[in-house]
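Take a look at the structure set out below.
Letters A, B, ... are given to chains in the order of the sequence lines, protein chains preceding strands, and every chain is numbered from 1. These figures come from a predicted structure and were not determined experimentally.
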There are 2 protein chains.
Amino acid sequence: MRGPMHENGGMPASDAVEQPEQPWSRRRLRSTNERLLLDRLRGLGTASRAQLARETGLSKPTVSSALASLAAAGLVHEVGTHAPERGRTAVLYAPDPAAGYALGVDIGRGWLRVALAGLDGRLVARSDVRNRARASAALTDLIVTTARQVMANSGVDPAEVAHGVIGTPGVYDEERRRVRYAMHLPGWGRAGLVDRIRAELGVPLEVHNDANLAALGEYAFGVGAGSRLFAYIMIGTGLGMGIVSEGRLFTGARGLAGEIGFLPWHGRRKPERLEDAVSGVAVVEAAREFGMRGQLTAKAVFDAARQGHPDAVRAVELEGERIAHTVAAAAAVLDPELVVLGGGVGHSVDLLLRPVREHVRALTPLRPRIAPSRLGEDAVLLGAVAVALDTARDLVFERRTAGI
Amino acid sequence: MRGPMHENGGMPASDAVEQPEQPWSRRRLRSTNERLLLDRLRGLGTASRAQLARETGLSKPTVSSALASLAAAGLVHEVGTHAPERGRTAVLYAPDPAAGYALGVDIGRGWLRVALAGLDGRLVARSDVRNRARASAALTDLIVTTARQVMANSGVDPAEVAHGVIGTPGVYDEERRRVRYAMHLPGWGRAGLVDRIRAELGVPLEVHNDANLAALGEYAFGVGAGSRLFAYIMIGTGLGMGIVSEGRLFTGARGLAGEIGFLPWHGRRKPERLEDAVSGVAVVEAAREFGMRGQLTAKAVFDAARQGHPDAVRAVELEGERIAHTVAAAAAVLDPELVVLGGGVGHSVDLLLRPVREHVRALTPLRPRIAPSRLGEDAVLLGAVAVALDTARDLVFERRTAGI
DNA sequence: CCGATAAAGTTAAGGAGCCTTACTAGGGCC
DNA sequence: GGCCCTAGTAAGGCTCCTTAACTTTATCGG
């Protein structure tokens, strides 16, 4: 099973919590307006001061002075000029992507992926290495060396990395300082590992559940972009769902939202856990039951189905029905406008899409759009980067404007 | 079935939408601070200016001047004095509950309930009348006369009622200006009825789904008070769920979240809709199937079970199992910390609680607290009042501070 | 009864930050 | 070159917050 995201995972000191109960002094006002300008500039990519004044509703002098502060803080740069139809040429500004960096890490069973992004969200370096670690020390070492290498490759000092996010199966237990329910990663459940990585890298780190990060990845960069509410169903070794509502993770009261492995499910013989029914192992089991022989893997079954092998086709059909059950339950409770299918079965979503859609139609009148993941294997990594970016932008803004 | 809440139901002009993208000018700053003070005052009930200064972090002069503005606007009053241990006696201020009023209406199949509350949330008048209307005209007339009577009883002019909320089964379709899916209320689905009521009463009105309002009612006044995330399951003529997350309704992408009537459910003979399996009718059916005879109602079955009638007990047990299925599904998807059972079966929750809890325990390791509704039959009405209050407070604040 | 102390609240001075108005700067078109 | 148009700057004013000192009013202890 994919565990939930732990809110404010392993995040250290600088919390950047909103405090809406605080009074609004003039300093806060200025900082709010500077932030507004910076955000607008990020959205536009590049803009002149006059344009920003029009867009934000602030007066030109205010924009000029606020932008001067931002430039002095190193958050913004002149990047060129633009000649309008007629009139004076404008000086263009853009956020400085090198004002800080965000680190994303995806710890998967087969692969370890690390990426570094500038504040504009663009990756500046990335490394994917096979995860063959079978013990906690080996895994942490691998993470540390890979992350260091990524930073070195891009010439970024660790001190410039404002924030990092690690994606992993399971849940990070803040109190016990360890990851729980990550049964597929040997040794990864030991206490203090994240603290050790944080200490060795010198980068603030948060830990989140991989299904949740994948959902956020699809929201930030993929097929869920801009969706009001969507669910990402991750089918692979386990089964998990990430929910993104209004651009933010919906984690539930204790961070266990999306634990659809626990959905009640009536198997054909006896009630069983849904997680055991969906997921890679179940496909193999079903195929075997329908008569397939030999050394089977989920991938092999899907490949056979693609070739038209009848037993494999039936197994895939059954898998589609089971996923449809999940989708229908999520639809009835959440009413998402979109359900994204991804995870280990990513390569085989083409085969599953039709049966899932058909069975959903039969199960419920609620019909969210069902789409395959766009980011595929990169969803978790890019989600980690997106979350790290969010925090990094806040931190860099606060750090750089505080000293003025 | 209970339909969903339609966001911004029948609400007219004054929308009070947040516009976080707007710049922060000085006027906004002042108004924000006044609002902060008013909210704090509502929380404290009563406070001196020095106390407010300490609590909010604002300086004493600022508090004095802002409070003077609020008093001039009629939003706040001196209400007495307080003598501290030693030192000058403080002048106490409190929000004026009569600065505006909020109206709540619950249109149920058996009863029509109307309540009027001051801005402090206290009911100033209330009326419950039997709903025997069997046509749209009769129903709207009944609503209008009852509401007028409630206002008259408390001596409140309709112009002082800043906002009203109507709770009803079904969904209000904003475009077609009619309620949909309210099959149990004859005539109530006709177009323009809400507009007519609004026009005749002279009060801005919103329409929301009853299950959602009941959830909010339990959050504001009942057993869900202060809960981070909880679900209210309304079991009666139909089946519905309201979800309150961080104090706000979770409505889903199209307002259909909580439509648990559509949960896939394997009946004992054939797949059927869950709504048909849970709900009053189903209890009766089950009892009959188990051998009970005679003119049965849900209430009769529950009463018989309370007496120990074995067939009735079995029927109740089955009903509990079905509800547990719903709870388990909600728990897996949402992870609420609390599930409240209410609705028409309110009187019989005592009988259901044990079987529901037991079956949930058997179905899933996720175990939200399960509690009976505290507000009972009043949940929808009080939820309507709570929602109306929220909007009314905003409207009154804006209206009264605008003119200065 | 009188001063010391303490808390509530007011007054006055100062300053931060925004806006408006009016200006300068620079580019193309007639 | 004059005109028009857009970008950007300068000066002045306004709002509203804060700090600091002061007044008012209460209790306490002698």
For [X] and [N], is the shortest distance between a side-chain N/O and OP1 or OP2 below 4.0 Å?
X       : N      : result
B/Arg30 : D/dC17 : yes
B/Ser64 : C/dG9  : no
A/Arg27 : D/dC17 : no
B/Asn33 : D/dC17 : yes

For [X] and [N], what is the distance between atoms [atom1] and [atom2] respectively, to the nearest whole Å?
X       : N      : atom1 : atom2 : answer
B/His82 : C/dG9  : NE2   : C1'   : 15 Å
B/Glu34 : D/dT15 : CD    : C1'   : 13 Å
B/Leu29 : C/dC18 : CG    : P     : 10 Å
B/Leu58 : C/dA8  : CG    : P     : 16 Å
B/Leu37 : C/dG9  : CG    : P     : 13 Å
B/Leu67 : D/dC17 : CG    : P     : 13 Å
A/Glu55 : D/dA7  : CD    : C1'   : 16 Å
B/Leu52 : C/dA8  : CG    : C1'   : 13 Å

Next on the checklist: Classify the ring geometry of B/Phe230 against B/Tyr219: parallel below 30°, tilted from 30° to 60°, perpendicular beyond 60°.
Outcome noted: parallel

Item to check | Partner of B/Leu36 under side-chain contact (heavy atoms from CB on, under 4.5 Å), chosen from B/Leu38, B/Asn33, B/Thr32 | outcome: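 Of B/Leu38, B/Asn33, B/Thr32, side-chain contact (heavy atoms from CB on, under 4.5 Å) with B/Leu36 is met by B/Asn33 alone.
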
Next on the checklist: Here's a test for you: under side-chain contact (heavy atoms from CB on, under 4.5 Å), which of A/Leu44, A/Thr62, A/Leu58 qualifies with A/Leu52?
Outcome noted: A/Leu44

Checklist entry - Does B/Glu34 have any salt bridge (charged side-chain N to carboxylate O under 4.0 Å, His left out) partners at least two apart in sequence or in another chain, and if so, which? => result B/Arg30

Item to check | B/Phe221 side, atom CZ; B/Leu216 side, atom CG - distance, nearest 0.5 Å | outcome: 10.0 Å

Next on the checklist: Closest approach to the side chain of B/Pro61, judged atom by atom: which nucleotide of D/dT18, C/dC19, D/dG8 is it?
Outcome noted: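 Given the options D/dT18, C/dC19, D/dG8, the side chain of B/Pro61 is closest to D/dT18.
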
Next on the checklist: Quick check: do B/Met151 and B/Leu201 have side-chain heavy atoms less than 4.5 Å from each other?
Outcome noted: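 B/Met151 reaches B/Leu201 side chain to side chain.
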
Checklist entry - Does B/Val244 reach the side chain of B/Leu249, with side-chain heavy atoms less than 4.5 Å apart? => result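 Counting from C-beta outward, B/Val244 and B/Leu249 do come under 4.5 Å.
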
Checklist outcome for this item: With sugar-phosphate taken as primed atoms, P, OP1 and OP2 and all else as base, the protein-contact string of nucleotides 22-30 of chain D at under 4.0 Å (heavy atoms; B, S, -) is --BBBSS--

Checklist entry - Which part of the nucleic acid, if any, lies within contact of B/Ser48, taking any heavy atom under 4.0 Å across all strands shown: a base, the sugar-phosphate backbone alone, or nothing? => result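 The residue B/Ser48 makes sugar-phosphate contact but no base contact.
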
